[in-house]
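The structure under discussion appears below in the form of structure tokens.
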Amino acid sequence: MDLVQHVLDRFEKAKSMRAPFDGDWNSIRRPISVAFNQTTGQFTAVRPETMFDGTAGDACEELAAALHSYLSNPSERWFELQLQGRHKTALEYDELNWLEEASNVIYAHLMDERSGFTTAIHETYLDLASFGAASLSQEWDSKAGTLVFQAKPLAHCYFLEDSKGRVDTHFIQLTWSLRQLKQEFGTVLPPKLMQINGEDKPIEMVHCVYPRSDVVPGASPSRKKYASIWVCLTTKEIVSESGYDTFPYHAPRWTKLAGEFYGRSPARKCMPDIKMLNAMERTILKAGQKMVDPPLVLANEGFLLPIRTGPGALIFKEDEERQITPLETKGNLPWAEEKAEQKREFIRRCFHNDWIRRQKKTREQSATEVMDDRDEMLRLFAPLFGRITMELLGPLVVRSYYLLDSRGRIPQAPQSMRDSKLVVGYNSPASRAQLGAAALQISQYLQDLIPLAQIDPNVMDAVDMDKVAEQLAIARGTPRVILRSPSELKALREQKQQMQAMQQMAAVAEPASKALKNVADAQGAVPA
């Protein structure tokens, strides 16, 4: 079996494993998203005549916006590099500074408008909320000298997992023209491709990325950890073979059952209710039309047809014939609207809009109470955020570090960190809400000590206020740049002690100098 056939066989296997989800995704596409089409893989517009309620689409966008705000807010650095097995309190000041500086370099490249990270990550969140799975590619643009992110249409993507349940094999099917192939791979292409007439003729391609540890017949040896194979489905030829040191695709899942490859989304959970609400809204609109513009009841004879009901229209009839009367309907619109609203509320709860839109209190709240309510909501979100950080945000930061470090963009680390392993920590609003519980415990403990200190001031000796300040800074995600180093803090305190000693000496010397002056004045007043 040659390499082409091996890749195509695995591609067909991946397609068959995704097939059970295609039906659900095709149903989700119309009321929720226009980015998935099972048959053609093309982007299609929602037909307005089939859509009567937009609750699901609005709820989906609100959830995606909340994920973007709470997990990867572009206005603040939402992650930080850490040393595995070493707490911040055990690190030297230069190590802490390097970790923060390296994190800032990564963040600056993510926020570079040329990277497309902000738009790509939001599209990824939309796919997660809609379909329960997504695909985000991360490459390096050598011409622009920056990272490049692109959300891939899920209709074109197929995954395979490793033994640990992590996506390590990714297929994406594309339709390119011969002109686009030459732009991507150069003018020298495989023989059969070169024989195709027409620069704009569509050509089916598949890109496969898989671990080099997999035994693949006919694959060329490489030191790269992951193989990258471009195969032309039209001509059954390999167009390009290369590799990656780190996995270039991130494939998060919203939530999934054991043994599943693809995730289950909030939209899938409430899809029957979405369809029912759409049908109910259609019926309610028809009932409303009958009430506003009801059918007419008229005699079988005596009227000239057609009956015109527009403003200023004239209706001709024979004398002494029955009048035209509207048909009264017995529909209960308030009941129907109440049931439809119940469906809307359930759909919003499925998309966690009830957590995102915290119920407003009837009484006025302090700023602290508002922050406590927000932190409580984010702590409830923690289980949902865990898979996203593990499968999307963490690998994204790790690959960003590798791409930047291999190109000399990361500053040189201190010598003491040479054998240390870096891990990703999170400083997003959601993560700070979890750490905020620790800060709250410290604050509560200090408040409990205050009444005891009024009885015995020595009780405060048990608390190291420097460590309290350091732990609160960590819990609140305070940037290291505003904190003094231990040497700076020691020098500042020595300076304060010297100034206090000088002030004490001056305070002691002042009465003595006044006494000497008084004695001198008295001696000068005595006559010789």
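Residues: numbered from 1 along the sequence shown. Computed over heavy atoms, backbone and side chain alike; hydrogens, waters and symmetry mates excluded.
Side-chain atoms of Thr146 never come within 3.5 Å of backbone atoms of Arg114 as a donor-acceptor pair (strictly under, hydrogens ignored). Panel note: side chain Asp141, backbone Gly145; no donor-acceptor pair is recorded below 3.5 Å.
For Gln180 and Lys182, the side-chain atoms include no donor-acceptor pair closer than 3.5 Å. Inspection of the Arg264 and Thr255 side chains reveals no N or O donor paired with an N or O acceptor under 3.5 Å. Checked by atom type, the side-chain pair Gln82/Glu80 shows a donor-acceptor distance below 3.5 Å.
Taking the centre of each ring, Phe117 and Phe149 come in below the 6.0 Å mark. Separation of the Phe159 and His170 ring centroids falls under the 6.0 Å cut-off. Separation of the Tyr262 and Trp25 ring centroids falls under the 6.0 Å cut-off.
Using cut-offs of 30° and 60° on the angle between ring planes, the pair Trp230 and His207 is parallel.
Electrostatic pairing of Lys13 and Asp9 does not count as a salt bridge here, judged by no charged N lying under 4.0 Å from a carboxylate O.
Within the 4.5 Å cutoff, the side chain of Val105 has heavy atoms near those of the Pro411 side chain.
The neighbour count for Lys256 NZ, taken as heavy atoms of other residues, nucleotides or ligands under 6.0 Å away, is above 12.
Of the residues listed (Phe247, Tyr210, Tyr244), the one engaging Tyr226 in a ring pair (Phe, Tyr, Trp, His ring centres under 6.0 Å) is Phe247, and it is the only one.
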query = Going through the distances and angles, do Arg253 and Glu161 end up as a salt bridge (Lys or Arg N to Asp or Glu O under 4.0 Å)?
reply = CA-CA 12 Å; Arg253 281 75 59 88; Glu161 292 181 339; 2.9 Å; yes

